[in-house]
Number of protein chains: 2
Amino acid sequence: MINSDFALGLHSILLLAADKDACLTSSTLSSMLKVHPVRIRKVLSKMKNAGYIESKEGAGGGFFISCNIEKVTLKDIYTLTHDDLMKAKCHSCCPSCKIGVNIEKVLDIILSDADEKFQDYLEDYSLQKVLDKMQQM
Amino acid sequence: MINSDFALGLHSILLLAADKDACLTSSTLSSMLKVHPVRIRKVLSKMKNAGYIESKEGAGGGFFISCNIEKVTLKDIYTLTHDDLMKAKCHSCCPSCKIGVNIEKVLDIILSDADEKFQDYLEDYSLQKVLDKMQQM
DNA sequence: TTAAGTGTTACAAATATTGTTACAGTTAAT
DNA sequence: ATTAACTGTAACAATATTTGTAACACTTAA
Ligand code: FES
Ligand code: FES
């Protein structure tokens, strides 16, 4: 459910959020996070499309924060980094079974409800709040 | 978060739960679920250790339900099929950063709280309740 | 005694994730 | 205007994870 794009994207955006004036290149982030620059750009491009950060091409370019970090939450990062809803990889099974007909449907309902609860929880954490929580430790 | 052992295990145990007298072999389940018998046995052996089902070796053997299906919940199946708690695959990053020091710790706290909420939700669904819900559709 | 099962390990194949290369486009500085 | 330092993307390679297979010891019923 939580994939590593989430961790990577969050880590990056927190780094940008921590200093509103910072303009970090994918190469800089890359060496900080020990992850390939191209992957950084891919993940950050989603955040860019969502309007959470901006990027500047060319020499002296890079990425910088462009959102209200009190408003953007972990839920936002979560949705951005997860294409499909949480879904059990159901195995195709005999449609003749009384069970088979509905099990996938039922699981989908239950899991998407659970996912909703999960996201509700994440929604309570703005980037700012996460940053604050880190200070307190 | 939800892996396919969960779906596979749940599907199997529901099949057993649906008929208390049924004794299904891994081979039968295998052809119903289109999954290799050995994998079925692996997943079911966990359920056996937990006491939710029993198995009988030798000719005429197989798996059958041995728990109160009003009591065993999706949470139980979930715990059984997930070794680690939900954990963000954090990338090792410079421990010199003010952020780096705590980001992993904070994420762990937040995610394990969220996981708890998620499991609380799953705990509401007993196997019986899932079976009932399937009838209603 | 044999056929039909489970239990478990070791290994192979398939799939998914991650890294790499390549290159077109953009910008700042010289 | 040329160059160096960037982003944006796509195609491909390497790695890691998941899933399937084969092998074999052990158990039980017929
Ligand atoms: S095998 Fe899925 S219910 Fe029949
Ligand atoms: S790179 Fe993770 S916080 Fe420094």
Study note, to complete from the structure: Among the nucleotides C:dT18, C:dG5, D:dA5, whichever has the atom closest to the side chain of A:Ala59 is D:dA5
Exercise for review: Please tell me which of A:Gly58 and A:Asn49 maps to the more 5' nucleotide of DNA chain D, matching each residue to the nucleotide holding its nearest heavy atom.
Suggested key: A:Gly58
Practice item. Among the candidates D:dG20, C:dA4, C:dG25, find the nucleotide nearest to the side-chain atoms of A:Glu57. Key: C:dG25
Revision key, fill the gap. A:Ile53 CD1 to D:dT7 P, in whole Å, measures 10 Å
Check your understanding: Hey, does the side chain of A:Lys34 come within less than 4.0 Å of C:dG19's phosphate (OP1/OP2), counting only N and O?
Key -> no
Review point. Counting heavy atoms not belonging to B:Lys129, are there more than 12 under 6.0 Å from its NZ?
Key: yes
Review point. Between the side chains of A:Gln128 and A:Asp132, does any donor sit under 3.5 Å from an acceptor?
Key: yes
Exercise for review: Classify the nucleic acid contact of B:Lys42 as base, sugar-phosphate or nothing, counting any heavy atom under 4.0 Å across all strands shown.
Suggested key: base
Check your understanding: Once you round it to whole Å, what is the distance between C1' of C:dT20 and CD1 of A:Ile40?
Key -> 14 Å
Review point. Can a side chain N or O of A:His36 be found less than 4.0 Å away from OP1 or OP2 on C:dT18?
Key: no
Review point. Under 4.0 angstrom, heavy atoms only, what part of the nucleic acid is A:Ser26 near: base, sugar-phosphate, or nothing?
Key: sugar-phosphate
Revision key, fill the gap. Only residue of A:Val43, A:Leu33, A:Ile40 satisfying side-chain contact (heavy atoms from CB on, under 4.5 Å) with A:His11 is A:Leu33
Check your understanding: With nearest nucleotides of DNA chain C determined for B:Val38 and A:Arg41 from heavy-atom distances, which residue corresponds to the more 5′ nucleotide?
Key -> B:Val38
Exercise for review: Figure out the CD1/P separation between B:Ile2 and D:dT18, and round it to whole Å.
Suggested key: 14 Å
Point to revise | Considering all heavy atoms, the nearest A:Gly51-A:Ser66 contact | key: O-OG, 3.2 Å
Review point. Mapping A:Ser55 and A:Gly60 to their closest nucleotides on DNA chain D, which lands nearer the 5' end?
Key: A:Gly60
Review point. Taking only N and O in the side chain of B:Ser45, is any of them less than 4.0 Å away from OP1 or OP2 of C:dT6?
Key: no
